[in-house]
Every structure is written in C-alpha cells, then in structure tokens.
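Read through the structure below, which is laid out as structure tokens, and then see the notes.
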Amino acid sequence: MIGKKVLDTDPIPLVNVKPLLEEREKVHELSYEQNLALDHVTKFSKISMEDAAKLVSELEEIIKKTQAIKIADLMPEDMDDMRLIFAKERGSHKKEELENILKIVKKYREEE
C-alpha cells in the first residue's frame with residue numbers, strides 16, 4: 001500500500017455500494033472481503049438507489065447525514081428500532097422527531 005492514502009471519506013447508503021463493487025468485479029477479481037461486502041449488500045439492500053437518495057436528503061433536514069444514511073440502510077419499523085439506532089449517539093432526540101422520521105421511512109417502505 002505504499003503511495004496510497006485516503007483523500008476523502010464520505011458515507012454512502014448501502015445500496016450505492018453494490019454498483020461500485022459490480023463495476024470493480026468486471027475489471028478484476030474481487031478480494032474475499034469485497035465478495036463478502038457484495039453478498040451482504042445484495043441480501044440486505046431494502047430500497048432502490050433513487051429512493052435511498054430521496055430518503056437521505058429528506059432526513060438530512062432533521063438529522064445529520066451519517067444518521068440519515070444509517071436509517072436508510074436499516075429502514076427501522078418502530079420506536080424500539082429507532083432507539084437502538086440512536087443509542088450510541090450523543091444528545092437525545094425528541095419523541096416527536098423520532099416519530100416524524102418513522103413516518104418518512106414508512107412512506108418509502110410502502111413504495112416498494
């Protein structure tokens with residue numbers, strides 16, 4: 001890894017990883033870790049790329065981008081799931097805010 005360094009990091013939704021790995025697979029064979037990541041993405045992607053982008057942008061008005069992406073990846077179904085997602089986060093979110101997030105997520109879940 002001499003000569004390689006990270007220039008920028010930006011979190012992306014899980015569903016956006018799949019086309020990146022598939023494109024890389026066309027160029028050369030994927031490593032073991034990359035194959036595991038591709039398998040994981042294939043099994044656990046719950047919404048389309050377009051819906052994920054819309055959901056994240058809508059959630060960013062309420063919460064931070066990293067939290068919005070985590071919610072888009074997990075698509076929580078109830079308040080218990082929401083509390084688990086935010087358990088390690090600093091600060092607390094109001095119940096109304098969490099309910100609003102759940103309504104937004106539900107809207108995108110029904111579009112499937």
Interatomic distance, [X] atom [atom1] to [Y] atom [atom2] [nearest 0.5 angstrom]:
{"X": "Lys103", "Y": "Lys106", "atom1": "NZ", "atom2": "NZ", "value": "10.0 Å"}
{"X": "Asp78", "Y": "Leu98", "atom1": "CG", "atom2": "CG", "value": "11.5 Å"}
{"X": "Ile71", "Y": "Tyr108", "atom1": "CD1", "atom2": "OH", "value": "13.0 Å"}
{"X": "Met75", "Y": "Asp51", "atom1": "CE", "atom2": "CG", "value": "8.0 Å"}

Shared hydrophobic cluster, Val105 / Met49 (ILVMFWY, side-chain heavy atoms < 4.5 Å):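 No, Val105 and Met49 fall in different hydrophobic clusters.
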So, using side-chain contact (heavy atoms from CB on, under 4.5 Å) as the criterion, who are the partners of [X] when residues are at least two apart?
{"X": "Ser31", "value": "Glu33, Gln34"}
{"X": "Ala68", "value": "Val56, Leu59, Glu60, Ile63"}
{"X": "Asn100", "value": "Ile62, Ile104"}

Does Ser45 use its side chain to pair, donor to acceptor, with the backbone of Thr42 at less than 3.5 Å?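 Answer holds: no.
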What I want to find out is whether Lys94 reaches Glu99 closely enough, with some N-O distance under 4.0 Å, to be called a salt bridge.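 Salt bridge flag = no for Glu99 with Lys94.
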Please tabulate, for the side chains in residues 81-88, all donor-acceptor contacts under 3.5 angstrom to protein atoms that are two or more places apart in sequence or on a different chain.
unit_1	atom_1	unit_2	atom_2	d
Asp81	OD2	Glu77	N	3.1
Arg83	NH1	Asp80	OD1	3.3

Please table the atom pairs, donor to acceptor, closer than 3.5 Å between any side-chain atom in residues 10-28 and protein atoms at least two apart or in another chain.
unit_1	atom_1	unit_2	atom_2	d
Asp10	OD1	Lys65	NZ	3.4

Running the 4.5 Å side-chain criterion over Ile, Leu, Val, Met, Phe, Trp and Tyr, what cluster does Tyr32 land in, apart from itself?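 Result for Tyr32 is Leu36.
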